[in-house]
Structure formats: structure tokens, C-alpha cells
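Down below is the structure, laid out as C-alpha cells.
Keep in mind that the numbers below use all heavy atoms, side chains included, and drop hydrogens, waters and symmetry copies.
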Amino acid sequence: MHFVSGLSIYSLKAKINDELAEVMATQSKISEGLLERAAHAKSMLDTMRDEECLKNFEAITVQPLLTEYRKVVHEYETVSDAYLQARASYEALCQSAAVEPKKTHCSKAGLEMLHTEIENLQQQLAEDDERAYISQSIDEVMAEMGYNVIGQRHIQKKNGRHFTNELYSYEDGTAVNVTYADDGKITMELGGLDTDDRLPDAAEAKQLCESMESFCNDFSEIEKRLEAKGVVLKSRLALLPPSEDYAQIINVSDYQTTTPVDTFKANNRRRSIGQSQAQYRKE
């Protein structure tokens, strides 16, 4: 009887060992967690000498693991073609969006995750293309109307939000600051230029308010020209109202400037209020 029992233990251990080896040999098709469970079971198997413990081990540990393994492999083989296609599309979109691809596993859940990521990236890229076209259109319209880009900066807040600012020359040391937020909002502000952070004095605030009123006329024309390019920004493009409360001095030292800029000083105007620097041509 002892000989038969020993043979039974040997045969059962060999059978379980082969099954676990099969699981570990298909590591490309299973998760790391399942692979680790199989490796742990293999190490436990090597220490077993008692037939009853071995049978319990097979029933409680090995068989559930094999059931899950076969399910996972079947799922892998069912979705592998679709998964590989989705993964290739996902990685191409990641490259276009300049983001690091996330790790995924060939399974139904992995395929669903890829579809979600692909949809999100496609939306992100479409929004990026839209923002790029809007920014290009604004550049073109501003250039048509005589506003030249004199500076730019990119800001990332602590909360992760991104902003891009572009400065367009206006008149006599003033500029239009166009802010592009990462949520698509665009704001135009007029301010005086200087090389440090400061507030305008009373005379400067009054003169800047007059310049704001002058620019309001141009703003309406800017909107019309953007609409002619297919860019309608009624709910996204905002202009701060002309008010001394909004008068500001813009520190050009915070920007990457493309040309030397004139600083703003009150009562140093070379043309009358209401005459646009651009002298743009209304067709």
C-alpha cells in the first residue's frame, strides 16, 4: 500500500507540475498576477510530500487557477486580432498627441480600455487641431489689421491648467494681450507695456481706458473677419470692457519678445484716440 500511495503522489505531482508549467509557458497571454499565482503554486508543490495535502492543494488552489487560466486564454484568442489592431491605432494616436502609451493587456477589459483611450485621444487631437486653426486665424486677422506679434509665453498653473499668451502691438507702448486657455476660452485685453510688475497711475489708467474704447471698434471687425474664415467664437472670445478698473501694465519681461518694444507712458501719444494704429482696410 505504501508503494502504491507513493506512486499516486508522484503521478499527481507530475500532473499538477505539467499543468502549472503550461500556465507559466503562456505568459504572453495571461496577466502578471495570474503568472505570479502559478509560480507561487509551483514553489508550494515542490515542498509537498503528503498525499492528502496534495489532493487538497489541487482542489483548492490548482483547479481554480486552471479554470481562470483557460478562461483567460480563450478570451485572449477571441479578442487578440481586434486588440492588436486597437493597440496599433492607440500607439499611433499617442505618438501624434505626444503622450506615453499606457500598459494594457489582451483581454476584453483591455480592449474596452483601448477603445476608450482611442476615443479620448481622437477628441483631444480634434480639439488641438481646432485650437491651432483658431490661433492661426486670429494671427492672420490681426496681421491683416496691422497688429504684429511682439511676444509670447506659456504658463502652467499649479492645478495643471495651461495658458498661452500672445502680445500684439497696438499703439504708443500699448499691446493687445490674447490669452488662450486650455478649455478653449479666449480673452483679449489691452494694456500698457513696461519691463517690471506695477500698477498704472491715475493718468495712465485714464489713457488706457481711452485706448480700450478705441480697440472696441477694431474688436467688432476682428470678429467679422474671423467669421469669414469659419471661426465663430461668440461664446468663447471675450473682450474686457473699457474701464479704468481693468487698466493694467503688462510686464514684457515675462514674455519671449520677437522685437524691441516701446514702454507705455501717459500723455505720450502720437495720434488721436479713435484712430486705429492698424488703419485697416474695410472692404
Side-chain angles (χ1 to χ4, degrees), residues 1-130 156-162 182-184:
M1 289 295 295
H2 180 71
F3 174 79
V4 174
S5 178
L7 181 61
S8 175
I9 291 176
Y10 176 81
S11 300
L12 185 54
K13 286 188 71 171
K15 171 179 173 292
I16 294 173
N17 187 72
D18 290 344
E19 290 170 336
L20 293 176
E22 179 186 351
V23 174
M24 297 173 68
T26 54
Q27 55 183 300
S28 63
K29 297 182 180 181
I30 62 177
S31 67
E32 291 183 5
L34 190 58
L35 184 63
E36 289 174 359
R37 284 169 56 193
H40 180 65
K42 177 71 166 59
S43 64
M44 290 178 63
L45 176 67
D46 293 339
T47 66
M48 291 191 173
R49 299 291 183 269
D50 182 79
E51 182 178 2
E52 193 65 28
C53 289
L54 187 59
K55 289 180 178 179
N56 290 336
F57 173 70
E58 182 190 28
I60 296 172
T61 301
V62 178
Q63 288 305 319
L65 189 150
L66 291 175
T67 298
E68 183 177 349
Y69 160 73
R70 293 180 184 116
K71 179 182 177 182
V72 167
V73 170
H74 175 73
E75 188 175 295
Y76 177 96
E77 293 172 348
T78 301
V79 303
S80 60
D81 289 344
Y83 173 85
L84 291 174
Q85 291 177 4
R87 183 70 197 186
S89 299
Y90 170 63
E91 291 180 356
L93 289 169
C94 285
Q95 185 174 4
S96 298
V99 298
E100 189 71 21
K102 297 179 181 178
K103 289 184 177 180
T104 58
H105 183 69
C106 182
S107 62
K108 289 182 180 178
L111 182 58
E112 290 174 1
M113 177 182 173
L114 284 176
H115 286 158
T116 299
E117 292 295 323
I118 287 170
E119 184 177 347
N120 291 340
L121 283 170
Q122 287 175 334
Q123 181 177 349
Q124 176 186 327
L125 289 170
E127 291 173 353
D128 289 346
D129 288 344
E130 180 186 29
Q156 180 173 354
K157 299 289 187 179
K158 290 182 179 179
N159 60 8
R161 294 201 61 191
H162 294 264
D182 54 12
D183 62 358

Open item on the list: Side chains of Q123 and E127: any donor to acceptor distance under 3.5 Å?
Closed with: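 Q123 and E127 do have a side-chain donor-acceptor pair below 3.5 Å.
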Return the [atom1] to [atom2] distance between [X] and [Y], rounded to the nearest 0.5 Å.
X: K42; Y: M24; atom1: NZ; atom2: CE; answer: 7.0 Å
X: T116; Y: Y90; atom1: OG1; atom2: OH; answer: 11.0 Å
X: N17; Y: L20; atom1: CG; atom2: CG; answer: 6.5 Å
X: H105; Y: L111; atom1: NE2; atom2: CG; answer: 12.0 Å
X: C53; Y: E58; atom1: SG; atom2: CD; answer: 13.5 Å
X: S31; Y: E68; atom1: OG; atom2: CD; answer: 7.0 Å

Open item on the list: Exactly one of K108, K71, R70, K29 should register a salt bridge (Lys or Arg N to Asp or Glu O under 4.0 Å) with E77. Which one does?
Closed with: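 Output: one option passes, namely K29.
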On a heavy-atom basis, which atom in [X] and which in [Y] lie closest, and how many Å separate them?
X: M48; Y: K13; result: O-NZ, 2.9 Å
X: S107; Y: E75; result: CB-OE2, 3.2 Å
X: S89; Y: I118; result: CB-CD1, 4.1 Å
X: L121; Y: C94; result: CD1-SG, 3.7 Å
X: P64; Y: A59; result: CD-O, 3.4 Å

Quick check: do [X] and [Y] have side-chain heavy atoms less than 4.5 Å from each other?
X: K55; Y: E51; value: yes
X: V62; Y: L45; value: no
X: R161; Y: D183; value: yes
X: V79; Y: C106; value: yes

Task: Test log, rule side-chain contact (heavy atoms from CB on, under 4.5 Å), inputs N56 and T61 - done: CA-CA 8 Å; N56 290 336; T61 301; over 6 Å; no
Task: Greater than 12 external heavy atoms within 6.0 Å of E32's CD - done: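 No.
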Task: Heavy-atom neighbours of E119 CD exceed 12 at 6.0 Å - done: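 No - once you tally the heavy atoms of other residues, nucleotides and ligands closer than 6.0 Å, there are 12 at most.
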Task: Worked check of side-chain contact (heavy atoms from CB on, under 4.5 Å) between V23 and L35 - done: CA-CA 7 Å; V23 174; L35 184 63; 5.6 Å; no
Task: Chi angles and distances behind the side-chain contact (heavy atoms from CB on, under 4.5 Å) call for Y69, T26 - done: CA-CA 10 Å; Y69 160 73; T26 54; 3.1 Å; yes
Task: Pair K15 + E19, salt bridge at N-O below 4.0 Å - done: yes
